[in-house]
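To keep things clear, I will list the structure first and then write my remarks on it.
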Amino acid sequence: MNDHSASPTPTPRHLGRRGFLAATGVAAAGAAWAVTGGGRAHAAPAPAAAGFAVPVDTVPHTRTWMAWPDSSAIWGRQLAGVQANIALIAKTIARYEPVTLCANPASVAKARSACGSGVTVIDSIPVDDCWMRDTGPVFRTDGAGGLDSVGLNFNGWGNKQTHAKDALVAQRIAASLGVAFTAAGLVGEGGAVETDGNGTLMATRSSLVNTNRNPKLKEAQIEAALCDAFGADQVIWFNGVTGRDITDDHVDATSRFLGAGAGLVQMPLASDNDAWSKDARQQYQILSAARDADGTPIGVTQIQGPDYNRIRSSDPDFVAAYANYYVCNGAVISAQFGDARADSAARASLQRLFPGRVVEQLNIDSLGAGGGGIHCVTQQQPRV
């Protein structure tokens, strides 16, 4: 992520994900950790079944999974705006591929009304919040019609938010599909890991090599567990930014894989020198010098971030991540933030990078104020 830093100390108001969310969520997190069985993080890694691996985002999808937030304890006054953003994203994606949205029983009617008939809303998988990228199953394919899934043992980004329901979302979705499910040998989140679908991952140490997720695992053990879970061979590590946002700097807000041997990094303005801007420059330098699992140098495209003085939001915790786009069948769903020049340039960059797909740019400022974006609230189920 690359915007301005926030205090890591929660206060009794909603601070957004960069401000560690609501104090009420933090207070409840310890109990939720007991529900999830945090000790699983220190079990032996669960390797991908023979031939199974997580494909790159750009493969065809069967559907997109999303979740409906309904907690005023978490979102406070921002809840209505976040719900409107979730509905807008779901309706937009549903023009290109099926969307299944998980909602709590008491919120199903509202979710269906907001999302319309084009989105399938189910009440059989309860949720705490909307971050399906982090809570949902990571699907794997074997190239021969097989599909299974892995769970990353979500623990509320290191016990920073209540997550008793969200900790079970991955396995419950897998069960609803009749898809085999295994728990990974580490604690993490889907937004913390990028894959090129060809053996190479990238992640930040700040998120995963962190005692709030994996207190008993060394970096080499975490890397092995990631590779086993994703069916990969190597991890390109970035240092990241620790303790400045609830995710401890998820990679998917800054750096993405476009495919084998190709990556993208969102760059700050030359005049920006905060922690997030320094992090983005370091990610670009590391990725540009890296080779993938086949030994091929990785070509890196830059996408220019906006000028925070020109965007609509004045929230100091706002995350304006063009890089947090979501690729679905026939389209790229991205954000626009009100900096007309940067929005237009980002649209042109994405159109060039994804020829043949429609680029949709949405105003999702409520999610941005909450510290996330479109990729954060979606999880693809690849077609087999």
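When a residue number appears, it is its place in the shown sequence, counting from 1. Just so it is clear, the structure is predicted and the values come from calculations on it, not from any experiment.
The closest side-chain donor-acceptor pair between Gln161 and Asp128, if any, does not fall under 3.5 angstrom. For the residue pair Asp315/Ser313, the side-chain donor-acceptor check at 3.5 Å is not satisfied. In this model, no donor atom of one side chain and acceptor atom of the other lie less than 3.5 Å apart for Asn104 and Ser107. Using modelled atom types, one finds no donor on one side chain facing an acceptor on the other under 3.5 Å when comparing Glu189 with Trp157.
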Next on the checklist: The test is salt bridge (Lys or Arg N to Asp or Glu O under 4.0 Å); show your working for Arg213 and Asp248 and say whether it passes.
Outcome noted: CA-CA 10 Å; Arg213 268 84 152 187; Asp248 294 300; 2.5 Å; yes
Checklist entry - Is there a side chain to side chain donor-acceptor pair (under 3.5 Å) between Gln361 and Ser334 once you walk through the steps? => result CA-CA 5 Å; Gln361 282 191 311; Ser334 184; 4.8 Å; no
Next on the checklist: Quick one, Asp166 with Trp131, criterion side chain to side chain donor-acceptor pair (under 3.5 Å). Give me CA distance, side-chain angles, the key distance, then yes/no.
Outcome noted: CA-CA 9 Å; Asp166 280 347; Trp131 310 106; over 6 Å; no
Item to check | Pair Arg312-Asp339, salt bridge (Lys or Arg N to Asp or Glu O under 4.0 Å): steps then yes or no | outcome: CA-CA 7 Å; Arg312 285 181 298 268; Asp339 178 346; over 6 Å; no
Item to check | Worked check of side chain to side chain donor-acceptor pair (under 3.5 Å) between Glu223 and Trp237 | outcome: CA-CA 9 Å; Glu223 178 162 341; Trp237 289 105; 2.9 Å; yes
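For the pair Ser176 (side chain) and Ile173 (backbone), a donor-acceptor distance under 3.5 Å is present. Not a single donor-acceptor pair under 3.5 Å links the side chain of Tyr284 to the backbone N or O of Ser255. Between the side chain of Arg347 and the main chain of Val359, a donor-acceptor pair closer than 3.5 Å is present.
Inter-residue side-chain proximity for Ile86 and Met66 is flagged as met; some heavy-atom pair is nearer than 4.5 Å. The shortest side-chain heavy-atom distance between Leu88 and Gln83 does not fall under the 4.5 Å cut-off. The closest side-chain heavy-atom distance from Phe154 to Val187 is not below 4.5 Å. With contacts defined as side-chain heavy-atom distances shorter than 4.5 Å, the pair Arg133/Tyr326 qualifies. Contact check for His375 versus Asp57: side-chain heavy atoms found under the 4.5 Å cut-off. Looking only at side-chain heavy atoms (C-beta outward), Ile236 and Ile298 come within less than 4.5 Å of each other. When side chains are defined from C-beta on, Asn239 does not count as touching Ser206, because their heavy atoms never get closer than 4.5 Å. Between Thr254 and His250 there is no side-chain heavy-atom pair separated by less than 4.5 Å.
Residue Leu201 holds its CG atom at 7.5 Å from CG of Asp196, rounded to the nearest 0.5 Å. Separating the CZ atom in Phe238 from the CE atom in Met202 is a distance of 5.5 Å, to the nearest 0.5 Å. For the atom pair CD1 (Ile311) and CG (Asp365), the distance works out to 7.5 Å, reported to the nearest 0.5 Å. Separating the CD1 atom in Ile374 from the CD1 atom in Ile89 is a distance of 5.0 Å, to the nearest 0.5 Å. To the nearest 0.5 angstrom, His163 atom NE2 is 5.0 Å from Asn159 atom CG. Distance check: Ile93 CD1 to Arg63 CZ gives 13.5 Å after rounding to the nearest 0.5 Å.
Taking Ile, Leu, Val, Met, Phe, Trp and Tyr as members and joining any whose side-chain heavy atoms lie under 4.5 Å apart, directly or through other members, the hydrophobic cluster of Val59 also contains Val56.
The two atoms that bring Arg357 and Cys328 nearest to each other are NH1-O, 2.6 Å, heavy atoms only. The two residues Gln379 and Gly136 make their nearest non-hydrogen contact at NE2-O, 4.2 Å. Smallest separation of non-hydrogen atoms from Asp343 and Gly338: OD2-N, 2.9 Å. In terms of heavy-atom proximity, Thr200 sits nearest to Ala293 at OG1-N, 2.8 Å. Ala232 and Gly199 get closest at one heavy-atom pair: CB-O, 3.5 Å. For the residue pair Asn324 and Cys376, the shortest heavy atom distance occurs at OD1-N, 3.3 Å.
Cluster annotation: Val121 is not connected to Trp65 through the hydrophobic network of ILVMFWY side chains, with a link wherever side-chain heavy atoms come within less than 4.5 Å. A continuous path of Ile, Leu, Val, Met, Phe, Trp and Tyr side chains, each step under 4.5 Å between heavy atoms, connects Leu101 with Trp75, placing both in one hydrophobic cluster. At a threshold of 4.5 Å between side-chain heavy atoms, the hydrophobic network of Ile, Leu, Val, Met, Phe, Trp and Tyr places Val138 and Leu226 in one connected group.
Listed by chain and residue number, Asn329, Arg383 satisfy the side-chain contact (heavy atoms from CB on, under 4.5 Å) test with Pro60 (two or more places apart in sequence, or in another chain). In this structure, Arg291 has no salt bridge (charged side-chain N to carboxylate O under 4.0 Å, His left out) partners at least two apart in sequence or on a different chain. Residues passing the ring-ring contact (aromatic ring centres under 6.0 Å, His included) test with Tyr322 are Phe337, sequence neighbours excluded.
Applying the side chain to side chain donor-acceptor pair (under 3.5 Å) rule to pairs touching residues 88-99 yields His61-Glu97, Thr64-Glu97, Arg95-Glu360, Tyr96-Glu360, sequence neighbours excluded. Evaluation of the ring-ring contact (aromatic ring centres under 6.0 Å, His included) test over residues 188-223, restricted to residues two or more places apart or in two chains, returns none.
Figure legend: Arg140 and Phe230 shown without cation-pi pairing, the cationic atom not lying both under 6.0 angstrom from the six-membered ring centre and within 45 degrees of its axis.
Relative orientation of the Phe354 and Tyr325 rings is perpendicular, given thresholds of 30° and 60° on the angle between their planes.
Remark: of the listed residues Leu350, Leu353, Val265, Leu350 is the sole one forming a side chain to side chain contact (heavy atoms under 4.5 Å, CB included) with Ile303. With Asn198 as the fixed residue, the side-chain hydrogen bond (donor to acceptor under 3.5 Å, both in side chains) test singles out one of Asp233, Asp294, Asp292: Asp294.
Residue-environment remark: CZ (Arg341) stays at or below the threshold of 12 foreign heavy atoms within 6.0 Å.
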